[in-house]
Amino acid sequence: MTGSRLLKIAALVAALMAPAGLAQAQTGAAAPTRTAPEQAAPQGPEALVIQDRRGERPPPLGADMFGGEAPQASSAVVDPDYILQPGDTVQVTLWGMVEGSHELTIDAQGNVVVPGVGPIRLAGVTAAQAPVVVERASRRIYNEGVQVYATPITTASTRVLVTGPVEQPGAFPGASDDALIVYLQRAGGIDPTRGSYRRIRVLRGGEVIARADLYDFLREGMLPRVSFRTGDAIVVEEQGSIVSVSGDVRAPFTFELAGQTGQGGELMQFARPQPGATHAAVFGVRDGQPISAYIPLNQFSAFTLMDGDRVQFESDARPANVLVRVEGAHGGPSVFTEVRGTTVAQVLAQVAIDADADMEAIHLRRQSVREAQRQTLNEGLERLERTVLLSPARSPAEAQSRATSLAFVTEYIQRVRQVEPLGILALDGQDLNQVRVETGDVIVIPRRSQVVTIAGEVNAPQSILAQSGQSVSQYVRAAGGYTPRADRRNVLVFRQDGQLREGGRAMPGDRILVMSKPDSTLLPFLRDLTQTIFQMAGVLVAVDRFSD
């Protein structure tokens with residue numbers, strides 16, 4: 001295949017990706033690019049097998065509570081319900097016949113010693129009750145001429161042990177009224193593969209004083225209320241049975257079951273399938289053998305789940321109708337809801353088509369075509385990239401040529417990756433009564449144009465009125481003639497539906513593109529470039545050769 005023919009094929013990129021882009025070339029403006037979405041991960045029930053083989057699971061429900069900076073203990077404000085204990089500080093103020101202000105620390109016996117009054121027991125008293133207790137005790141010594149006021153101002157630092165499957169087991173300082181989850185955060189959080197979010201114990205002197213299920217906190221904001229003391233221990237138990245959830249759900253996480261087994265209905269309360277979900281695909285192990293099931297949701301509620309199961313919720317009800325849009329030369333409604341199996345001709349029969357419509361250039365923009373073009377493009381570019389970077393040179397001259405061309409090819413790959421295919425499906429010559437529409441299809445009815453656009457290597461790119469019987473060369477001369485870089489044997493003519501015009505003719509509405517002469521340093525890569533572009537050009541199959 002010659003270099004000129006290869007360069008001609010390269011122009012198919014422009015036609016496939018942005019057929020309207022040639023009109024912008026006449027003004028010198030750069031055609032806008034659209035960033036392509038990242039390639040989606042495997043979907044459908046088969047994805048469960050792939051995830052199991054790779055050992056991949058979504059994060060546990062509640063994992064986002066951990067991972068940030070752990071909150072520091074603060075005693076600036078004492079909770080009124082906080083229970084005072086040894087080490088806490090209380091400020092006692094007297095005024096009237098006796099005046100003074102004292103910061104008093106609760107001693108090991110649970111007392112503060114107020115000057116002139118003596119010991120007053122405050123351990124076990126709430127912060128809100130402390131003023132009443134102090135004043136009542138003071139009244140035994142002072143009459144109404146002395147006013148007494150007490151308020152807790154600081155709490156003693158408490159050291160709580162956090163152990164079990166947590167990221168950083170150890171003893172952590174904090175306030176006695178800090179929540180259990182705060183101490184877990186200080187320990188780096190629960191180990192996502194070993195620790196339980198549902199079975200957590202608080203021990204004091206070896207006895208269990210509270211149990212916590214973080215799912216209650218996540219759903220209802222409920223945690224056991226514990227006034228921690230130094231020496232208390234928070235014990236995270238080993239992880240129980242887990243089930244991973246993905247697909248059409250609001251909460252795609254790994255869930256821990258309350259018992260060794262669970263019911264599908266329990267799982268759905270946490271995972272919350274999307275309204276359109278109809279089935280659940282289950283992959284797991286029973287009696288040492290892998291099992292899989294595909295179950296309607298109304299039956300899945302009673303399905304027994306076991307440790308290690310993977311569940312993917314699917315929207316598997318095919319809609320009876322398809323949604324189609326019509327653009328271009330027509331009047332009336334633009335969006336139609338049709339029964340599945342409706343053809344392009346049946347949709348057009350409902351449309352008031354304008355008199356200046358170009359019926360020969362009607363085409364579709366289709367999402368499935370767009371996705372196929374993007375996939376083949378990425379695969380081709382990956383192969384091209386490997387060829388450029390890994391292929392050995394057979395001679396010093398070829399090595400020099402490759403080094404010179406490497407920057408161009410790398411830039412080419414990067415730019416093409418940024419372009420989003422339009423998904424054009426040409427209908428030229430097809431019986432529109434046989435072409436069925438799909439949901440999301442756009443039927444494009446171009447207007448009959450009187451203009452021919454000339455772009456590329458011409459001195460004055462422009463659009464001019466079409467002249468009957470005028471050749472491609474005459475149009476080029478009308479655009480100022482060829483530039484010195486023009487390859488006169490490589491001129492492409494594109495129709496309005498993106499296809500190449502055969503026979504060396506130019507018709508109203510066509511776009512003429514004059515190619516550049518090939519750079520000799522790029523010739524070693526032309527074959528690879530052509531292979532990539534051919535994979536992109538799903539609807540552009542003709543390569544024409546024109547001459548003066």
### Task
Measure the spacing between CG of Asp307 and OG of Ser241 and express it to the nearest 0.5 Å.
4.0 Å

### Task
Would you confirm whether Asp248, through its side chain, and Ala277, through its main-chain N or O, come within 3.5 Å as a donor-acceptor pair?
no

### Message
I'd like to know if the side chain of Thr376 reaches the main chain of Ala372, judged simply by a donor and an acceptor atom lying under 3.5 Å from each other, with no hydrogens or angles considered.
### Response
yes

#### Entry: Residues that Glu438 engages under side chain to side chain contact (heavy atoms under 4.5 Å, CB included), provided they are two or more places apart
Arg366, Ser368, Asp441

### Query
Do Tyr294 and Val282 have side chains that get closer than 4.5 Å, going by heavy atoms?
no

#### Entry: Trace of the side chain to side chain contact (heavy atoms under 4.5 Å, CB included) decision for Ile512 with Thr453
CA-CA 6 Å; Ile512 299 173; Thr453 298; over 6 Å; no

### Task
Give the C-alpha distance, both sets of side-chain angles, the deciding distance and a yes or no for side chain to side chain contact (heavy atoms under 4.5 Å, CB included) between Leu305 and Phe300.
CA-CA 10 Å; Leu305 297 166; Phe300 178 71; 4.1 Å; yes

### Exam field: side chain Gln470 to backbone Gln467, donor-acceptor pair closer than 3.5 Å
no

### Message
Check this for me, if you would: do Glu256 and Arg198 make a salt bridge, where the nitrogen-to-carboxylate-oxygen distance has to be below 4.0 angstrom?
### Response
no

### Query
Is a side-chain donor-acceptor pair under 3.5 Å present for Ser246 with Gln312?
yes

### Task
Could you tell me whether the side chain of Phe336 reaches within less than 4.5 Å of the side chain of Val326, counting heavy atoms only?
yes

### Message
Before you tell me yes or no, could you show the steps for Asp497 and Arg495 under salt bridge (charged side-chain N to carboxylate O under 4.0 Å, His left out), namely the whole-Å CA-CA distance, both residues' side-chain angles and the distance that decides it to 0.1 Å?
### Response
CA-CA 5 Å; Asp497 61 0; Arg495 295 169 44 177; 3.4 Å; yes

### Task
Kindly compute the distance separating CZ (Arg511) from OG (Ser449), expressed to the nearest 0.5 Å.
10.0 Å

### Query
Do Ser244 and Thr254 have a side chain donor and acceptor closer than 3.5 Å?
yes

### Query
Between Thr483 and Glu457, is any side-chain donor less than 3.5 angstrom from a side-chain acceptor?
yes

## Note on the structure
Note: Pro58 and Val245 closest approach over all heavy atoms is CG-O, 3.7 Å

### Message
Using 0.5 Å steps for rounding, measure from the OG atom of Ser468 to the CE atom of Met507.
### Response
8.0 Å

### Query
Where is the tightest heavy-atom contact between Val435 and Gln430, given as atom of each residue plus distance?
CG2-CB, 4.2 Å

## Note on the structure
Distance col, row Thr439:OG1 vs Asn321:CG, nearest 0.5 angstrom, shows 8.5 Å

#### Entry: Nearest heavy atoms of Ala466 and Pro508, plus distance in Å
CB-CG, 3.7 Å

### Message
Are the side chains of Leu267 and Val311 in contact, using a 4.5 Å heavy-atom criterion?
### Response
yes

#### Entry: Close side-chain approach of Pro192 and Glu167, heavy atoms under 4.5 Å
yes

### Query
Which atom pair, heavy atoms only, marks the closest approach of Val249 to Ala271?
CB-O, 3.6 Å

### Task
Report the C-alpha separation of Tyr215 and Phe270 in whole Å, then their side-chain angles, then the decisive distance to 0.1 Å, and conclude whether the ring-ring contact (aromatic ring centres under 6.0 Å, His included) test is met.
CA-CA 9 Å; Tyr215 281 22; Phe270 288 104; 5.1 Å; yes

### Message
Do Pro59 and Phe253 have side chains that approach each other closer than 4.5 Å (heavy atoms only, starting at C-beta)?
### Response
yes

### Query
If we only count heavy atoms from C-beta on, is the Thr337 to Val322 side-chain gap below 4.5 Å?
no

### Query
Is a salt bridge present between Asp356 and Arg448, judged by a nitrogen-to-oxygen distance below 4.0 Å?
no

### Summary
Smallest heavy-atom separation, Asp354 atom then Gly331 atom, equals OD1-N, 3.8 Å

### Message
Evaluate Ile362 against Ile443 for side chain to side chain contact (heavy atoms under 4.5 Å, CB included), listing each step before the verdict.
### Response
CA-CA 7 Å; Ile362 289 177; Ile443 303 174; 4.1 Å; yes

### Query
With no hydrogens and no angle check, is any side-chain donor or acceptor of Asp191 less than 3.5 Å from a backbone partner on Pro165?
no

### Message
Is the shortest side-chain heavy-atom distance between Arg325 and Glu327 below 4.5 Å?
### Response
yes

### Query
Are side-chain N/O atoms of Gln367 and Arg370 paired as donor and acceptor at under 3.5 Å?
yes

### Query
Is atom CZ of Arg219 surrounded by more than 12 heavy atoms (other residues, nucleotides or ligands) closer than 6.0 Å?
yes

#### Entry: Value rounded to 0.5 Å, distance of CD1 in Ile445 from CD1 in Ile353
4.5 Å

### Task
Determine the minimum heavy-atom distance between Ala506 and Val472, stating which atoms define it.
CB-CG2, 4.1 Å

### Query
side chain to side chain donor-acceptor pair (under 3.5 Å): which pairs involve residues 266-288, sequence neighbours left out?
Arg286-Asp309

### Query
With Asp64, which residues qualify under side chain to side chain contact (heavy atoms under 4.5 Å, CB included), at least two apart?
none

### Query
When you look at Arg501 and Asp510, which way does the salt bridge (charged side-chain N to carboxylate O under 4.0 Å, His left out) test go after all the steps?
CA-CA 8 Å; Arg501 174 78 66 185; Asp510 286 353; 2.9 Å; yes

### Message
If you apply the rule side chain to side chain contact (heavy atoms under 4.5 Å, CB included), what do you find for Val476 with Arg488, and how did you get there?
### Response
CA-CA 10 Å; Val476 171; Arg488 302 189 181 198; over 6 Å; no

### Message
Do Val451 and Ile464 have side chains that approach each other closer than 4.5 Å (heavy atoms only, starting at C-beta)?
### Response
no

### CZ/Arg485: more than 12 non-hydrogen atoms of other groups inside 6.0 Å
no

### Task
Enter the distance from Leu427:CG to Gln434:CD here, rounded to the nearest 0.5 Å.
12.5 Å

### Query
Between the side chain of Thr342 and the main-chain N/O of Val339, is any donor-acceptor distance below 3.5 Å?
yes

### Message
Looking only at the side chains, is there a donor atom on one of Gln496 and Glu360 sitting less than 3.5 Å from an acceptor on the other?
### Response
no

